[in-house]
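Remember, it's 1-based here, ligands and their atoms both numbered in the order they're listed. The first residue in the sequence is number 1, and the count goes up from there. Every value quoted in this text rests on a predicted model; they were computed, and no experiment measured them.
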Amino acid sequence: MFQTRRFQHCPVCGGQIEYRIPADDNRERATCTVCGTIQYENPLNVVGTLPVWGEQVLLCRRAIEPRLGKWTLPAGFMELGETLAQGAARETDEEAGAGIELQDLYCILNVVRVGQVHLFYRARMLSPVFNPGPETLEAKLFHEHEIPWEELSFHTVRYTLERFFEDRRTNKGFPLHTADIA
Ligand code: ZN
């Protein structure tokens with residue numbers, strides 16, 4: 001089942017929401033049973049980075065649900081008023097407190113089941129110093145053989161790390177990767 005129904009109550013009047021197909025539409029929409037307002041729900045962008053320092057990559061251990069205590073790349077929901085790149089840099093600052101130089105967009109991953117698109121940039125850390133924010137229990141640099149593969153937070157994080165180490169091994173650069181994550 002799609003886990004994309006975000007409304008239970010109408011943000012306008014507080015009335016009960018029902019999912020109904022409007023007369024001129026072809027899919028169910030969050031419709032207020034009291035005032036009739038329709039809330040349109042569309043996929044959300046999650047933006048983040050793969051911060052690299054020498055041979056090591058920076059991971060953050062999540063201090064918040066979902067996946068509390070698991071390791072992730074710094075990433076979060078894009079905000080209104082910012083570009084993809086600005087969002088990725090902001091999330092890296094907020095979650096890891098790492099000074100970075102943003103590099104190319106690296107992974108575009110459809111996560112249709114939860115109505116999200118995850119986008120990761122590669123990033124070069126300017127120093128090995130970082131200062132995690134309140135959404136992060138700890139941040140740490142990992143060599144490839146140290147990556148906690150069984151303790152990663154999201155499939156998209158695993159996918160991005162796998163591509164990165166693979167691309168680094170083959171030494172042919174870092175092309176853009178796109179995939180659909182089941
Ligand atoms: Zn309403």
Side-chain angles (χ1 to χ4, degrees), residues 1-51 58-98 100 102 104-121 123 131-139 151-161 176-182:
M1 189 61 204
F2 298 101
Q3 297 171 2
T4 48
R5 295 187 165 188
R6 299 185 180 122
F7 292 96
Q8 286 189 313
H9 297 282
C10 174
V12 176
C13 77
Q16 187 69 38
I17 290 284
E18 274 184 19
Y19 279 79
R20 299 174 181 162
I21 302 176
D24 56 353
D25 207 335
N26 58 6
R27 57 175 75 205
E28 291 187 338
R29 304 291 183 186
T31 308
C32 178
T33 55
V34 179
C35 75
T37 300
I38 297 173
Q39 303 297 324
Y40 290 91
E41 296 162 89
N42 300 96
L44 295 173
N45 287 341
V46 171
V47 288
T49 62
L50 168 53
L58 185 69
L59 297 179
C60 300
R61 207 151 75 83
R62 290 173 62 83
I64 52 171
E65 295 288 359
R67 312 283 198 275
L68 191 151
K70 301 292 187 189
W71 292 93
T72 186
L73 292 166
F77 291 111
M78 189 180 183
E79 299 286 2
L80 294 173
E82 68 186 7
T83 64
L84 288 175
Q86 287 166 345
R90 176 184 52 73
E91 287 291 342
T92 307
D93 180 47
E94 286 177 5
E95 295 195 359
I100 54 155
L102 209 62
D104 290 337
L105 183 57
Y106 186 52
C107 286
I108 301 178
L109 304 169
N110 292 299
V111 196
V112 173
R113 188 176 57 82
V114 293
Q116 297 175 2
V117 180
H118 292 200
L119 303 109
F120 291 96
Y121 286 78
N131 178 26
E135 295 184 2
T136 302
L137 292 172
E138 60 176 316
E151 294 292 313
L152 296 179
S153 55
F154 302 107
H155 291 304
T156 55
V157 169
R158 167 182 282 271
Y159 181 92
T160 302
L161 289 169
L176 181 67
H177 295 280
T178 62
D180 302 336
I181 305 293

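- Here the NE2 atom belonging to His118 is positioned 10.0 Å from the CG atom belonging to Asn110, to the nearest 0.5 angstrom.
- Closest of all the heavy-atom pairs between Pro22 and Arg20 is CD-O, 3.2 Å.
- Using a 4.5 Å cut-off on side-chain heavy atoms (C-beta onward), Leu59 and Leu152 make contact.
- For the atom pair CZ (Arg29) and CD1 (Ile21), the distance works out to 9.5 Å, reported to the nearest 0.5 Å.
- Around the Zn ion (ligand 1), the protein atoms of type N, O or S that sit closer than 2.8 Å are Cys10 SG, Cys13 SG, Cys32 SG, Cys35 SG.
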Let me have the donor-acceptor pairs involving side chains of residues 73-81, under 3.5 Å, with sequence neighbours excluded, atom names and distances please.
none

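- Between Thr49 atom OG1 and Arg90 atom CZ the span is 11.5 Å, to the nearest 0.5 Å.
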